[in-house]
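The block underneath contains the structure these notes are about, expressed in structure tokens.
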Amino acid sequence: MGKVVFLYRSLAYRNAAADMLRKARKLPRGAERSAARRYAKALRDLARTEAWLEGRVAIEPRSSEHVTMAASG
């Protein structure tokens, strides 16, 4: 039963985040749009955190360093 509850809760957070991002894209640039995007990001992060707490997802380290190569010639 716990897995089903977790699945529905996680999906609800993800769907709410996607809906909020869609609404934010329709808004003109400004404070309201930025607030909507931050809210959507918070919902997405909450879904990830709950998944981590439940032990359902392994967190992969992100590489913050991007390797760029200069063209010689």
Side-chain angles (χ1 to χ4, degrees):
M1 182 67 177
K3 291 180 183 180
V4 173
V5 171
F6 167 77
L7 177 65
Y8 283 121
R9 187 173 54 220
S10 180
L11 288 175
Y13 288 141
R14 290 176 187 171
N15 286 333
D19 288 341
M20 186 56 68
L21 274 177
R22 281 187 216 105
K23 290 178 185 177
R25 287 184 188 125
K26 293 178 184 178
L27 295 172
R29 292 184 185 200
E32 190 176 351
R33 179 180 180 172
S34 296
R37 292 183 65 191
R38 282 193 306 268
Y39 184 64
K41 184 180 181 307
L43 285 170
R44 186 187 68 207
D45 290 345
L46 180 61
R48 287 182 182 166
T49 300
E50 286 217 1
W52 179 79
L53 288 173
E54 291 285 331
R56 306 281 195 256
V57 176
I59 296 176
E60 298 176 12
R62 290 185 179 180
S63 175
S64 61
E65 298 176 15
H66 296 289
V67 177
T68 58
M69 300 180 75
S72 59

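Only this structure's heavy atoms are used, side chains among them; waters, hydrogens and symmetry mates stay out. Because the structure is a prediction, the values reported are computed rather than measured.
- When the shell of 6.0 Å around CZ of Arg33 is examined, it contains more than 12 heavy atoms from other residues, nucleotides or ligands.
- Rounding to the nearest 0.5 angstrom, the gap separating the CG atom in Leu21 from the CZ atom in Arg44 is 7.5 Å.
- Not counting sequence neighbours, Lys23 has no partner by the side chain to side chain contact (heavy atoms under 4.5 Å, CB included) test.
- The two residues Ala24 and Arg37 come nearest to each other via the heavy atoms CB-CG, 3.7 Å.
- Hydrophobic clustering (side-chain heavy atoms under 4.5 Å, transitive across Ile, Leu, Val, Met, Phe, Trp, Tyr) groups Tyr39 together with Leu46.
- The side-chain contact (heavy atoms from CB on, under 4.5 Å) test with Tyr13 singles out one residue from Thr49, Asp45, Leu43, and that residue is Leu43.
- Residues Arg14 and Ala47 approach most closely at CG-CB, 4.0 Å, considering heavy atoms.
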